[in-house]
Amino acid sequence: EQSYVQISIHDLLGRNVRTLVKELQSAGQRSVIWDGKDENGVSMSAGIYFCQVHIPDGSLRTKKMVLLK
């Protein structure tokens with residue numbers, strides 16, 4: 001089913017670092033790659049970040065990630 005999807009990266013303080021996807025998408029599996037940079041193209045420091053996936057049915061999935069350099 002087609003739905004609006006938002007995927008964003010957050011730091012340990014919950015601040016939005018970068019929004020990777022924010023659009024209407026058709027059903028199916030997708031891959032997204034984060035290059036370790038913020039919205040301004042500045043490289044983030046090594047550490048723990050969270051990837052959040054929002055979909056319209058009210059679901060919010062959060063995964064912990066470790067950025068290594």
Inset, instruction - Check the pair I7 / C51 against side chain to side chain contact (heavy atoms under 4.5 Å, CB included), numbers first and verdict last. - result: CA-CA 7 Å; I7 301 174; C51 177; 3.7 Å; yes
Inset, instruction - Check the pair L60 / V53 against side chain to side chain contact (heavy atoms under 4.5 Å, CB included), numbers first and verdict last. - result: CA-CA 6 Å; L60 172 63; V53 180; over 6 Å; no
Inset, instruction - List, by chain and then residue number, the residues other than L13 in its hydrophobic cluster (Ile/Leu/Val/Met/Phe/Trp/Tyr, side-chain heavy atoms under 4.5 Å); write none if there are no others. - result: none
Legend entry - Minimum side-chain heavy-atom gap Q6-T19 below 4.5 Å: yes
Legend entry - Passing candidate, side-chain contact (heavy atoms from CB on, under 4.5 Å) with V17, options M44, K37, H10: M44
Legend entry - Which atom of S43 lies closest to which atom of K69, heavy atoms considered: CB-NZ, 3.6 Å
Inset, instruction - Not counting sequence neighbours, which residues clear side chain to side chain donor-acceptor pair (under 3.5 Å) with D11? List them please. - result: R15
Legend entry - Transitive ILVMFWY side-chain link L67 to L20, under 4.5 Å: yes
Inset, instruction - Write down the atom of N16, the atom of S8, and the distance for their closest heavy-atom approach. - result: OD1-CB, 3.4 Å
Inset, instruction - Decide yes or no for V5 and E23: does some side-chain heavy atom of the first lie under 4.5 Å from some side-chain heavy atom of the second? - result: no
Legend entry - Polar side-chain atom of N40 near backbone of V42 as donor-acceptor pair, under 3.5 Å: no
Legend entry - Close side-chain approach of V66 and Y49, heavy atoms under 4.5 Å: no
Legend entry - Point-to-point distance, once rounded to the nearest 0.5 Å, from CE of M65 to NZ of K63: 12.0 Å
Legend entry - Cluster link Y4 to I55, ILVMFWY, side chain under 4.5 Å: no
Legend entry - Exceeds 12 heavy-atom contacts within 6.0 angstrom, atom CZ of R30: yes
Inset, instruction - Please round to the nearest 0.5 Å and tell me the distance separating atom CD of Q25 and atom CD of Q2. - result: 9.5 Å
